[in-house]
Amino acid sequence: DLPGVRLVVSLRNPADRAYSSYLGRLQGGEERCGVEEAMRPGSYYFQSSLYHPNLSRYFDRFPRSRIKVLLFDDLVANPRAVMQDLYEFLGVAPTFDVDVTTRHNRAAVPRSIVANRIVVKIGLFVHRLLPPSLRDTGVTGRIQRLLLRRPEPLSGAIRRQLLEQFRDDIGKTGALIGRPLSHWLA
């Protein structure tokens, strides 16, 4: 159906991806579990950080030349080079420029889970009541930011445990994309 489609995949260390997803849902008022419980095998965060099964389906259906795999590590280390490589893959003019210095979507966690959930729920309720022209003004987000703080890093013990559990998938994913990912296990 899509003969000229180009697919772009961005991969991050699976332990970091799982924790980042957890923090995002915690901030959004959707998560109540503690991090240790949330990171267990079988959980959404764990299962969605297993790359090989999902990527294999795409590599089986599309020519390798139509799939571009980016590593978050490379994007952090050299965003301009990664973006130029991506532009070339997509056929975007190499002169196109995008801000690669500003960080967006920084992780944050609620100072109070209860207060955060109240603000999120009130924001959603008010959003439904407002006419479309008054929605999405960012007021709820600005209020919520007052309730947030920088998260603690993932504990070393949980991180080591996750990486050990992801070891096989990391190896298979590296073989699939033709790039060693052993640095993720360090």
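- Rounding to the nearest 0.5 angstrom, the gap separating the CD1 atom in I158 from the CG atom in L163 is 12.0 Å.
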Could you walk me through whether D74 and R179 pass the salt bridge (Lys or Arg N to Asp or Glu O under 4.0 Å) check? CA-CA 12 Å; D74 295 339; R179 251 188 105 172; 2.6 Å; yes
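- A donor-acceptor pair is defined here as one N or O able to donate and one able to accept, closer than 3.5 Å; no such pair exists between the side chain of S21 and the backbone of Y45.
- Around atom CZ of R61, no more than 12 heavy atoms belonging to other residues, nucleotides or ligands sit under 6.0 Å away.
- To the nearest 0.5 Å, atom CG of residue L181 and atom NZ of residue K172 are 14.0 Å apart.
- With a 4.5 Å cut-off on side-chain heavy atoms, L7 and F59 do not count as touching.
- Within 6.0 Å of OH on Y58 lie no more than 12 heavy atoms contributed by other residues, nucleotides or ligands.
- F96 CZ to L90 CG: the interatomic distance, rounded to the nearest 0.5 Å, is 11.0 Å.
- Residues F46 and F166 bring their aromatic ring centres within 6.0 Å.
- Nearest heavy-atom pair across P151 and Y19 is CB-OH, 4.4 Å.
- Minimum heavy-atom separation, L154 to A15: CD2-O, 4.2 Å.
- In this structure, a donor-acceptor pair under 3.5 Å is absent between the side chains of R12 and S49.
- With hydrogens and angles left out, the side-chain atoms of D73 and W184 include a donor and acceptor closer than 3.5 Å.
- V76 and L23 fall into different hydrophobic clusters, where Ile, Leu, Val, Met, Phe, Trp and Tyr side chains are chained together by heavy-atom contacts under 4.5 Å.
- Judged by a 6.0 Å distance limit and a 45° cone about the ring axis, R25 is positioned over the six-membered ring of Y44.
- Scanning all heavy atoms of the two residues, the minimum distance from A18 to M39 falls at O-CE, 3.5 Å.
- Using a 4.5 Å cut-off on side-chain heavy atoms (C-beta onward), V8 and L70 make contact.
- Looking at L176 and S56, their side chains come closer than 4.5 Å, going by heavy atoms from C-beta outward.
- Atom CG of residue L55 and atom CG of residue L50 lie 11.0 Å apart, to the nearest 0.5 angstrom.
- Annotation for R6: atom CZ counts as buried by contact number, over 12 foreign heavy atoms lying within 6.0 Å.
- Around CD of Q84, the count of heavy atoms belonging to other residues, nucleotides or ligands within 6.0 Å exceeds 12.
- Looking at heavy atoms from C-beta onward, L185 lies out of side-chain contact with R160 at the 4.5 angstrom threshold.
- Residues R17 and S48 have side chains in contact (heavy-atom distance under 4.5 Å, counting atoms from C-beta outward).
- Judged by distance alone, the side chain of Y22 and the main-chain N or O of A38 form no donor-acceptor pair under 3.5 Å.
- We find the CZ-CG distance between R80 and D85 to be 15.0 Å, quoted to the nearest 0.5 Å.
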Check the pair F72 / N13 against side-chain contact (heavy atoms from CB on, under 4.5 Å), numbers first and verdict last. CA-CA 8 Å; F72 182 75; N13 179 305; over 6 Å; no
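- Residues I170 and P14 are in side-chain contact: their nearest non-hydrogen atoms beyond the backbone lie under 4.5 Å apart.
- In E36, the CD atom is not crowded: 12 or fewer heavy atoms of neighbouring residues, nucleotides or ligands sit closer than 6.0 Å.
- Note that the CD1 atom of I177 and the NE2 atom of H52 stand 10.5 Å from one another [nearest 0.5 Å].
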